[in-house]
Amino acid sequence: MQIYNTLTRTKEEFIPKEPGRVNMYVCGPTTYNFIHLGNARPLVFFDTVRRYFIYKGYQVNYVQNFTDVDDKIIKRAQEEKMDPLELAQKYIREFFVDADALNVMRAETHPKVSEHIQEIIALIKKLEANGNAYAVDGDIYFEVRSFPGYGKLSGRSLEDMQAGARVEVDPRKKDPMDFALWKAAKPGEPSWPSPWGKGRPGWHIECSAMAEKYLGAGFDIHGGGFDLIFPHHENEIAQSEAACQQPFARYWMHNGFITVNQEKMSKSLGNFFLVREILAKFPPDVVRWYLLSTHYRSPLDFDDEKLVMAGKGLDRIKTAIRLLYEALARPIQPGTDAVQRDTLLADRLALLRLEFEKAMDDDCNTALAVSIYFELAKEVNIFVGKLGPELSQANKEALEQAHLLMKDFNRVLGILKEDQRTGQLILGEAGQDDQLAEGLVQLIIKIRQEARAKKDWSTADTIRDGLKELGIILEDTPQGVRWKKQG
RNA sequence: GGCGGCAUAGCCAAGUGGUAAGGCAGAGGACUGCAAAUCCUCCAUUCCCCAGUUCAAAUCUGGGUGCCGCCUCCA
């Protein structure tokens, strides 16, 4: 498998540190608000990376942190007259509401800054001992000049950065790029005792401390958005490598931005859309499908029309699954035809599986993988279209194989949930939720069928049009009437 | 000022040297009482522009144009 490594700016063969295991750390949000679509992209993408590793048989240890101690949280808490840690906790709960909706698997560990103060202090002490940190009025800074590799991730030198720096230079710092490891407490802020007095951690140190604790130095994959490359990840590398004297993470993966009118969706521009605003208008599987339809390193522009388009595409997949289940439910023809193997479909399925894996092996190209899912849907549609009212044993086996492949693709992309009992993919609100509605629709369909039998087309059409108004679509097929709720 | 990315049909979007995937929309056909769904066919002689390398370039090199990002909190 090839992974594009930001550190080397090339695709590299992925070789885990320990065979069969993948350790990955993905930066999670600072929890002072609901998450927006820009936060959802890395969430969904790295969840998909993880799922693909699981598909390939790796044991994955996935860590995603919450930054629950931070300036913005403190500010927001003061505005809302809340305790900062309580506020952070609230938005952590809300984070999971959105993440669950998007079918994002829980990480093995979701560490919080507030619960790792001791590890953070220990790491800062180590940096002090190694001569990489210095104190100024109760604050502790990391001295970037003391770490020779500074700038290697973002591809710039300290000189480059100073040339046009727009930073306000704090004269107490030895170098403008030096950054805080520990901040002295101010009144009313959460703080913890430390060798340097009461205070709280700086922004970058937590990821260094928690990643090392749960994954060990030199772990496999570190992920996040492009905007974290500098300064956040650059600083993590500096801290961790200065402290541990060995490489921090081996592969760095960064996702591109969500844009609105081609501009970055960001909190400072105010052009962001909350995940739950979007989920009020579009089903979560559509949102996930949309996010995975573009390569993760490319920008992805957002507007409602694009989600409508994604929804129509996903409907195509769902229709194929629906047709597959309908076919699978047909009676089996008596008699033996074990000789009549359906190798044609089986061969196509094997090829599609290979193509899907090839796409995902190439730096997790989900956009290509999605297109192969479409081809699978078409293959199923063609096959089902040729079936008679009764299935041969060979037909049934072929359909079951197709079902397996559908489920495997789906498990990797994480689009539809599976019914634990039947093992079938759940297609959404397709009618099995409400018994009364189910009964009523069946009754109406029966009446309409009687009208149709009498060639009373006007009644039949009135019923069909009327149901459509209510969001129920009827489709007449040679096998009978099929209905679904409008997606 | 420094560093980096992107430009492919009406729209979305893969493709990094071998002759343009896939989806949406659209056109025609099959099926249907009519629809819907599905299937079949069509829909970029061409990949922002110019020059170069090559037997061969959307893909490599140089130049240009346009858009975007990072260098400050941001996924």
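If you're wondering where the values come from, they're calculated on a predicted model, not measured in any experiment. By convention in this document, chain letters (A, B, ...) are assigned in the order of the sequence lines, proteins followed by strands, and residues within each chain are numbered from 1.
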Ignoring backbone atoms, establish whether [X] has a side-chain N or O less than 4.0 Å from OP1 or OP2 of [N].
X: A:Asn365; N: B:G15; answer: yes
X: A:Lys378; N: B:C40; answer: yes
X: A:Arg464; N: B:U32; answer: no

G-U wobble or Watson-Crick pairing nucleotide for B:G22 (cut-off 3.5 Å, both distances):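 Answer to the pairing question: B:C12, which forms a Watson-Crick or G-U pair with B:G22.
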
Assuming nearest nucleotide by heavy-atom distance, tell me which of A:Glu305 and A:Asp362 is located more 5' along RNA chain B.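 Residue closer to the 5' terminus by nearest nucleotide: A:Glu305.
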
Considering only the [atom1] atoms, how many Å lie between [N] and [M], rounded to the nearest integer?
N: B:G10; M: B:A51; atom1: P; value: 24 Å
N: B:A58; M: B:U19; atom1: P; value: 11 Å
N: B:C68; M: B:A56; atom1: P; value: 37 Å
N: B:U65; M: B:C55; atom1: C1'; value: 32 Å
N: B:A35; M: B:C42; atom1: C1'; value: 24 Å
N: B:C40; M: B:G63; atom1: P; value: 48 Å
N: B:A75; M: B:G18; atom1: P; value: 40 Å
N: B:U53; M: B:G62; atom1: C1'; value: 11 Å

A:Arg41 NZ/CZ over A:Tyr296 ring centroid, <6.0 Å and within 45° of normal: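 So A:Arg41 doesn't make the cation-pi contact.
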
